[in-house]
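Worksheet: one structure, shown below.
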2 protein chains.
Amino acid sequence: MVANRRDSLIDAAAQLLDRGGPAAVTLREVGRAAGVSHNAPYRHFADKSDLLEAIASRELERLADSFGKGGGRPREMLQAYLQWALLYPERFRLTFGPWRGDETALGKAAFRTRAVLVEAVAREQQEGAMPKGDPVRLAALLLASANGAASLALAGHLGRPGRADLSAENLVADLFDYLETATPA
Amino acid sequence: MVANRRDSLIDAAAQLLDRGGPAAVTLREVGRAAGVSHNAPYRHFADKSDLLEAIASRELERLADSFGKGGGRPREMLQAYLQWALLYPERFRLTFGPWRGDETALGKAAFRTRAVLVEAVAREQQEGAMPKGDPVRLAALLLASANGAASLALAGHLGRPGRADLSAENLVADLFDYLETATPA
DNA sequence: ACCTGAACACCGTTCAAGT
DNA sequence: ACCTGAACACCGTTCAAGT
């Protein structure tokens with residue numbers, strides 16, 4: 001049942017990430033959790049950044065899969081996106097944080113995730129439920145809004161005492177409502 | 001002309017941050033740039049996080065000031081926000097990244113920055129240029145969208161070959177256009 | 001009150017060596 | 001091909017000591 005060593009190292013690193021952020025992902029602790037020495041990971045990853053990148057790549061693949069399930073509507077996809085981000089803050093920050101490489105597995109996974117959303121937006125447009133226009137650009141706006149809403153919510157930049165309605169979910173819902181209003185009948 | 005030591009330490013730290021991110025902000029280098037020993041900063045900041053928080057706090061104050069200038073319209077404020085974020089990526093990520101404290105100077109500075117935008121949104125609504133509704137919530141959506149657009153642009157999650165129009169500025173402009181269309185005449 | 005130098009524990013990475 | 005243990009340079013933080 002145990003996957004190959006590379007996968008088990010990614011598993012261990014992801015769990016450490018969830019608990020304490022990127023700083024808690026030390027190669028010594030990763031090795032200990034996987035039952036190997038502290039520099040055995042260097043046989044599978046170029047360095048620590050490469051290991052973190054492998055986590056992000058896996059998260060993007062899973063995100064694309066979750067987009068595929070459900071009714072295939074943009075609204076549901078973005079809500080799934082928010083649930084994932086708020087449930088796994090560190091994975092979210094890592095996945096959509098800055099990269100280094102150009103044409104890595106990460107870039108391809110990100111492209112696939114976006115493509116699923118773009119198709120859903122295009123369908124919605126044809127049904128007259130969203131404004132016309134380039135679906136790639138509209139999907140980018142949706143992703144940007146959800147990303148920012150989740151980021152600000154996690155950082156405590158949205159909430160203030162007595163304003164529980166300022167949630168990431170509500171902000172994204174507002175955006176969809178505005179888009180619906182902006183769609184000619 | 002030299003400010004007090006605390007300010008000069010923040011200056012040095014901010015420059016190191018711009019060059020190499022939070023990891024490049026080592027207390028040894030900060031001390032060296034400020035002409036003191038590597039642990040003199042501990043007389044002015046509780047720890048490294050506290051020093052980074054001081055940078056973020058200062059950036060938020062400056063952002064609120066820049067919001068105050070110009071025509072006082074939300075569209076211009078958000079464009080100023082994007083320019084700052086794209087020009088100083090590391091300060092942007094630090095400022096809107098996760099915090100620890102609750103009621104620190106950082107929280108107050110963030111509140112002030114948001115308040116300026118909220119007032120501008122309320123004015124726009126009264127002029128019939130933006131949809132009615134809670135201006136706090138609409139301002140939060142604007143900030144979230146701009147934040148996410150800048151974040152994805154910086155991370156390379158927006159661009160792809162031959163799609164230079166997928167910029168943070170354009171996405172935010174699209175949002176303002178949708179909001180205008182969604183406003184009854 | 002503010003600063004210094006030494007010291008501690010920790011980390012990423014490299015390398016010679018093992019199977 | 002994959003792993004280990006020692007070693008190196010570096011870092012955040014603490015502490016005894018100075019002015």
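Letters go in sequence order (proteins before strands), and every chain restarts at 1. What you are looking at is a predicted structure, and each value in this text was computed from that prediction instead of being measured.
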Legend entry - A:Arg6 CZ to D:dC2 P, straight-line distance once rounded to whole Å: 12 Å

Legend entry - Parallel, tilted or perpendicular: ring planes of B:Tyr81 versus B:Phe67, cut at 30 and 60 degrees: tilted

Inset, instruction - Answer yes or no: is there a donor N or O on one side and an acceptor on the other, between the side chain of A:Arg91 and the main chain of A:Trp84, under 3.5 Å? - result: no

Inset, instruction - Round to a whole Å and report the spacing from CG of B:Asn4 to P of C:dC3. - result: 11 Å

Inset, instruction - Specify the residue among A:Glu29 and B:Val36 whose closest nucleotide of DNA chain C lies further upstream toward the 5′ end. - result: B:Val36

Inset, instruction - Hey, which sits more toward the 5' end of DNA chain D by its nearest nucleotide, A:Ala40 or B:Arg32? - result: A:Ala40

Legend entry - Interatomic distance, A:Leu16 CG vs C:dG12 P [rounded to whole Å]: 11 Å

Inset, instruction - Please list, chain by chain and in numerical order, all residues satisfying side chain to side chain contact (heavy atoms under 4.5 Å, CB included) with B:Asp65, sequence neighbours excluded. - result: B:Arg112

Inset, instruction - Please figure out whether A:Gly35 or B:Val25 has its closest DNA chain D nucleotide nearer the 5' end. - result: A:Gly35

Inset, instruction - Report the secondary structure of DNA chain D in dot-bracket form, marking unpaired bases with a dot and bases paired to a different strand with |, and treating Watson-Crick or G-U pairs with both distances under 3.5 Å as paired. - result: ||.|||||...|||||.||

Legend entry - Pair listing, salt bridge (Lys or Arg N to Asp or Glu O under 4.0 Å) test, anchored in residues 127-143 of chain B, at least two apart: A:Arg163-B:Asp134, A:Asp165-B:Arg137, A:Asp174-B:Arg137

Legend entry - Separation of atom CG in B:Leu51 from atom P in D:dG12, rounded to whole Å: 10 Å

Inset, instruction - Go along nucleotides 13-19 of chain D 5' to 3' and tag each nucleotide: B for a protein heavy atom under 4.0 Å from its base, S when only backbone or sugar atoms are that close, - otherwise. - result: BBB----

Legend entry - Close side-chain approach of B:Lys108 to B:Phe111, heavy-atom, < 4.5 Å: no

Legend entry - Inter- and intrachain pairs under salt bridge (Lys or Arg N to Asp or Glu O under 4.0 Å), touching residues 117-126 of chain B, at least two apart: B:Arg73-B:Glu124

Inset, instruction - State which of C:dG12, C:dC3, C:dT4 makes the closest approach to the side chain of B:Ser37. - result: C:dT4

Inset, instruction - State whether A:Glu61 and A:Arg58 are salt-bridged, where the test is any N-O pair (Lys NZ or Arg NE/NH1/NH2 against Asp/Glu carboxylate O) under 4.0 Å. - result: no

Inset, instruction - Provide, to the nearest angstrom, the distance between the NE2 atom belonging to B:His44 and the C1' atom belonging to C:dC2. - result: 7 Å

Legend entry - side chain to side chain contact (heavy atoms under 4.5 Å, CB included) partners for B:Arg75, two or more places apart: B:Phe176, B:Asp177, B:Glu180

Inset, instruction - Could you tell me which non-hydrogen atom of B:Ala40 sits nearest to which non-hydrogen atom of B:His44, and how far apart they are? - result: O-CD2, 3.8 Å

